[in-house]
> 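I am attaching a structure below and will ask some questions about it afterwards.
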Amino acid sequence: MNDDEMDELLIQGARDYNEPGSVPRDAMWARIENERHGRATFSAAPRQSPRAWAIGVLAAAMVLGIGIVIGRRLERVSTPQGILVDAAPNRASVEVRPDSVVKAIRNETKNTDSSVRQLNQSRTASTRTDGSADSQNLAYRLVMLRHLAGSEAMITAFRSSARRGEVDAQIGDWSRELLGTTRMLEASPVTQDPTMKRLLEDLDLVLAQIAQYVTNGKHDPDDLDLIEQSIDKRGVITKLRTPLPARMLPAGT
Amino acid sequence: MIEDPRLADRQLVARCLGGDRLAERALYDAHVDRVYRLMFRMAGEPDLAADFTQETFIRGFERLSQYRGDSSLGTWLHTIAVSVALNGLRKVKRIRGRTSPIEDSPEIAVQPGGFTADLKARLHAAVDALSEKLRPVFVMHDVEGYTHEEIAGTLGIPVGTSKARLFDARAKLRLALAAFAGDHIA
């Protein structure tokens, strides 16, 4: 039997490989509706590996610290359309426990994503006045602040686990979520600041590389080296840290 | 009049983003069968297939504002689906601890008159044991009939890579079946 004949046999034999039955459309739709409209923000997320907890504690402290500083000056910023953006992260949800800290930080990054989406929708729908544009820009800057803090925490967690030869699927999910938020911010007024625009572009590249690395599902020193080069050459971590206080906070903070 | 599918996709997405629940259901109905079939082929269990399908649509709706129409909505959803399935199966494997390379697949005893069933069982075990890179391509192309262009768009790889992976997958499966087939297929 030659290869072509064997391939034909393979294809024939594979036709009933894991043959699906009928599609439970309505049952699945009911669960989707329930999840989308009823679930807590992070209740369905997979359990976070305890190995990242130490990094998580540091990152949580950073996010909390930034939030508290902002929170002293500005509890909430309201856009003209009435959409509220929490200036400070939800402190009640951040519990400093080994198995919950990274989960809490990822939760914050999900909240950031929702805030950006709401802002984009409100911006699209609004007729802007000078005052509304100012408050909207400030709202964008606040979510940008949270996004950068969350991105730094994720990149740090990734580097730590990758150096140990681990490929953590949860970090892959997290990086994809952050990548989505990054791309929404790239289409926002935040990019009127050239520094922020470049930072988001660099972040986009690094997050995409991390997402792809985790998707590949195995430790690959060469790919990891490329990611490290991107982070180092572009100074992503440094940029994530340094521009925050001076550029992003409201005057007088 | 022939409607541009991409335009229809964008219009449907716009309605969904505007909070139109009927549009959400229409989007779901348009794609759920194909997504579920692929998830079932990947997972092999109805509960897992349903879980993966649900998670695909939940994520899809969450990220709908990120859909830019560069690919069809179906391809975009399938990209999410394959990612969900691979991540989910990794977790299942970790929990069940059943990573089985092809070489370790159980030998199937040949029963008189049972050649087809045995060969299929051996083949299916060998497909199960393909790597994460090869199995989705084989399942999508040879089992579900996706084109290489669709596979490339879904997996984010060049068409040539899709073809190469299919070639590799078939070669591994041929190898896995060679001794079996050599003895029993003339």
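No hydrogens, no waters, no symmetry mates; every other heavy atom, side chains included, goes into these values. Below, chain A is the first sequence line, B the second, and so on; all start at residue 1.
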> Is Arg25(B) salt-bridged to Asp26(A), cutoff N-O under 4.0 Å?
yes
> First locate atom NZ of Lys120(B), then atom CG of Asp16(A), and finally report the distance between them rounded to the nearest 0.5 Å.
4.0 Å
> Would Arg21(B) and Glu33(A) pass as an ion pair if we require N to O under 4.0 Å?
yes
> To the nearest 0.5 Å, how far apart are CZ in Phe167(B) and CG in Asp7(A)?
8.5 Å
> Tell me, side chain or backbone of Asp29(B) under 4.5 Å from chain A's heavy atoms, or both, or neither?
both
> Using 0.5 Å steps for rounding, measure from the NZ atom of Lys172(B) to the CG atom of Leu10(A).
14.0 Å
> Quick check on the interface: out of Asp33(B), Val84(B), Leu17(B), who has the most heavy-atom pairs with chain A under 4.5 Å?
Asp33(B)
> Apply side chain to side chain contact (heavy atoms under 4.5 Å, CB included) to residues Arg170(B) and Ile11(A) and explain how you reach the verdict.
CA-CA 9 Å; Arg170(B) 286 177 175 172; Ile11(A) 294 167; 3.5 Å; yes
> Decide, yes or no, whether a salt bridge links Asp173(A) with Arg59(B) under the criterion of side-chain N to carboxylate O below 4.0 Å.
yes
> Would Asp142(B) and Tyr17(A) count as a side-chain hydrogen bond (donor to acceptor under 3.5 Å, both in side chains) here? Give the steps.
CA-CA 10 Å; Asp142(B) 279 0; Tyr17(A) 170 73; over 6 Å; no
> What part of Leu86(B) lies closer than 4.5 angstrom to a heavy atom of chain A: side chain, backbone, both or neither?
neither
> Say you draw a straight line from CZ of Arg63(B) to CZ of Arg183(A); how long is it, rounded to the nearest 0.5 Å?
11.5 Å
> Quick check: closest heavy atoms across Met28(A) and Val32(B), and the distance to 0.1 Å?
CE-CG2, 3.7 Å
> Select one option (side chain, backbone, both, neither) describing which atoms of Gln212(A) are under 4.5 Å from chain B's heavy atoms.
neither
> Look at the rings of Phe61(B) and Trp29(A) and say which category their plane angle falls in: under 30° parallel, 30 to 60° tilted, over 60° perpendicular.
perpendicular
> Which pair of non-hydrogen atoms, one from Ala14(A) and one from His124(B), has the smallest distance, and what is that distance?
CA-NE2, 4.3 Å
> Quick check: do Arg36(A) and Glu24(B) have side-chain heavy atoms less than 4.5 Å from each other?
yes
> Looking only at heavy atoms, what is the nearest atom pair of Tyr36(B) and Pro24(A), with distance?
CZ-CD, 3.5 Å
> What part of Val139(B) gets within 4.5 angstrom of chain A, counting heavy atoms only: side chain, backbone, both, or neither?
side chain
> Measuring from Gln66(B):CD to Arg176(A):CZ, what's the distance to the nearest 0.5 Å?
12.0 Å
> Which distance, rounded to the nearest 0.5 Å, do you find between the CD of Glu55(B) and the CD of Glu35(A)?
7.5 Å
> Select one option (side chain, backbone, both, neither) describing which atoms of Glu132(B) are under 4.5 Å from chain A's heavy atoms.
side chain
